[in-house]
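Read through the structure below, which is laid out as structure tokens, and then see the notes.
Lettering follows sequence order; numbering is per chain, from 1.
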Amino acid sequence: MTLDLFDHPDFHPSWREELCPGAVVLRGAALADSRELLKAIDNIAIQVPFQYRATPGGYAMSVAMTNCGDLGWVTDQQGYRYQPTSPETLRQWPAMPDLFRTLAIHAAREAGFSDFMPDACLINRYQIGAKMSLHQDKDEEDFGQPIVSISLGLPAVFQFGGLERSDKTQRVNLTHGDIVVWGGPARLRYHGILPLKAGEHSLTGQYRFNLTFRKAH
DNA sequence: CAGTGCCC
DNA sequence: GTAC
């Protein structure tokens with residue numbers, strides 16, 4: 001991987017956008033590793049296929065999901081939770097690739113969170129029209145640990161709000177290779193993804209992939 | 001518990 | 001804004 005990207009003299013203000021205290025967009029920070037990241041996603045999905053899960057309220061989500069790492073985020077009628085196994089295979093999630101972990105740790109450090117130790121990586125696949133409505137990440141045990149989110153493939157509009165659902169949201173265009181990190185005072189800010197606009201990406205076709213790294217337990 | 005979704 |  002090209003960790004040197006983070007040390008490159010050009011990797012600074014123009015590539016870094018502060019959304020608010022504790023939240024930053026690192027433009028193109030995963031770009032150089034994107035082909036390897038996508039290959040790794042394919043390899044994981046062969047072992048544990050993407051699933052369309054349902055919320056506890058019974059609605060099918062439009063985003064397909066799989067996981068890697070010690071813990072994976074799942075939802076069903078019982079609720080939201082992290083668990084060490086896939087509900088379908090009843091086996092442990094595939095290991096988190098070293099490239100994933102290292103990239104996430106470096107991005108967190110770049111954003112000011114020096115002790116990030118992710119144990120969970122949720123892999124979301126968005127097809128055209130798929131969305132993620134405004135929500136908080138609050139199923140984790142330690143809100144002192146940040147969230148690291150890597151965008152691959154088709155662009156999407158990220159909504160980044162406040163600590164209450166009714167707070168005004170910023171709209172942030174995220175494209176292939178962008179990394180968003182939020183933690184500290186921004187850790188519980190509401191966020192979401194607007195319906196994916198039709199398009200074609202040379203590496204992912206009609207899909208957007210998102211890797212979300214968390215310290216769950 | 002379920003607002004990571006839905007509808008007006 | 002909010003079902004049950």
Side-chain angles (χ1 to χ4, degrees), chain A residues 19-20 22-23 25 41 44-45 48-88 93 96 100 104 118-143 145-174 178-183 186-197 204 206-217:
Chain A
L19 298 179
C20 68
V25 184
I41 291 171
I44 290 162
V48 185
F50 284 99
Q51 299 283 340
Y52 292 98
R53 302 198 183 282
T55 66
Y59 298 102
M61 297 182 71
S62 58
V63 173
M65 305 175 162
T66 187
N67 290 274
C68 65
D70 291 342
L71 294 161
W73 188 88
V74 297
T75 172
D76 59 22
Q77 274 197 331
Q78 314 309 316
Y80 310 134
R81 64 190 175 278
Y82 288 94
Q83 60 177 51
T85 55
S86 153
E88 289 73 33
W93 303 103
M96 188 185 299
F100 283 27
D119 59 11
C121 174
L122 172 63
I123 305 171
N124 284 161
R125 187 189 68 190
Y126 292 75
Q127 57 183 284
I128 306 305
K131 61 188 165 56
M132 187 72 78
S133 44
L134 213 56
H135 69 281
Q136 294 171 299
D137 286 14
K138 55 182 180 183
D139 301 319
E140 302 75 28
E141 289 178 355
D142 180 7
F143 296 148
Q145 294 274 315
I147 305 291
V148 174
S149 171
I150 302 181
S151 294
L152 296 167
L154 286 179
V157 179
F158 181 59
Q159 293 179 293
F160 199 68
L163 299 181
E164 296 186 33
R165 198 170 189 265
S166 55
D167 289 343
K168 186 178 161 202
T169 60
Q170 307 177 60
R171 290 178 172 206
V172 183
N173 284 304
L174 295 180
D178 290 345
I179 304 183
V180 185
V181 181
W182 65 99
R187 177 61 178 74
L188 290 174
R189 283 193 180 240
Y190 276 87
H191 56 280
I193 291 286
L194 295 182
L196 199 74
K197 188 181 164 188
T204 68
Q206 295 190 306
Y207 290 113
R208 169 179 188 262
F209 294 92
N210 181 68
L211 304 175
T212 309
F213 295 88
R214 307 179 175 101
K215 178 82 170 79
H217 287 177

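Relative orientation of the A:F209 and A:F50 rings is tilted, given thresholds of 30° and 60° on the angle between their planes. Using bins of under 30°, 30° to 60° and over 60° for the plane-to-plane angle, the ring pair A:H191/A:F158 lands in the tilted bin.
Considering only side-chain N and O atoms, A:Y80 lies nowhere under 4.0 angstrom from the phosphate OP1 or OP2 of B:dA2. Listed pair A:K138 / B:dT4 fails the phosphate criterion, with no side-chain N or O lying under 4.0 Å from OP1 or OP2.
Taking every heavy atom of both residues into account, A:I193 and A:K131 meet most closely at O-CB, 3.4 Å.
A straight line from CD of A:Q51 to C1' of B:dT4 spans 17 Å, rounded to a whole angstrom. If you take NE2 of A:H135 and P of B:dA2, they are 18 Å apart, rounded to a whole angstrom. Note: CD (A:Q159) to P (B:dG5) measures 11 Å, nearest angstrom. Protein atom CE of A:M61 is 8 Å distant from nucleotide atom P of B:dT4, rounded to whole Å. The distance from atom CG of A:D167 to atom P of B:dG3 is 19 Å, rounded to the nearest whole Å. With rounding to whole Å, A:Y82 atom OH is found 20 Å from B:dA2 atom P. As rounded to whole Å, 9 Å separates atom P of B:dT4 from atom CE of A:M132. When the C1' atom of B:dA2 is taken as reference, atom CG of A:D139 falls 10 Å away, rounded to whole Å.
Screening A:E140, A:H217, A:E141 for a side chain to side chain donor-acceptor pair (under 3.5 Å) with A:Y82, the sole residue that qualifies is A:E140.
Partner assigned to C:dA3 is none, using Watson-Crick or G-U wobble distances below 3.5 angstrom.
Applying the 3.5 Å distance criterion, the base of B:dG5 shares a donor-acceptor pair with the side chain of A:R165.
Panel note: side chain A:R187, backbone A:D137; a donor-acceptor pair is recorded below 3.5 Å.
Residue A:G79 is the one, among A:G79 and A:S133, whose nearest nucleotide of DNA chain B lies closer to the 5' end (criterion: closest heavy atom).
With centroids closer than 5.5 Å and planes inclined by less than 30 degrees as the test, A:W73 and the base of B:dT4 pass as a stacked pair.
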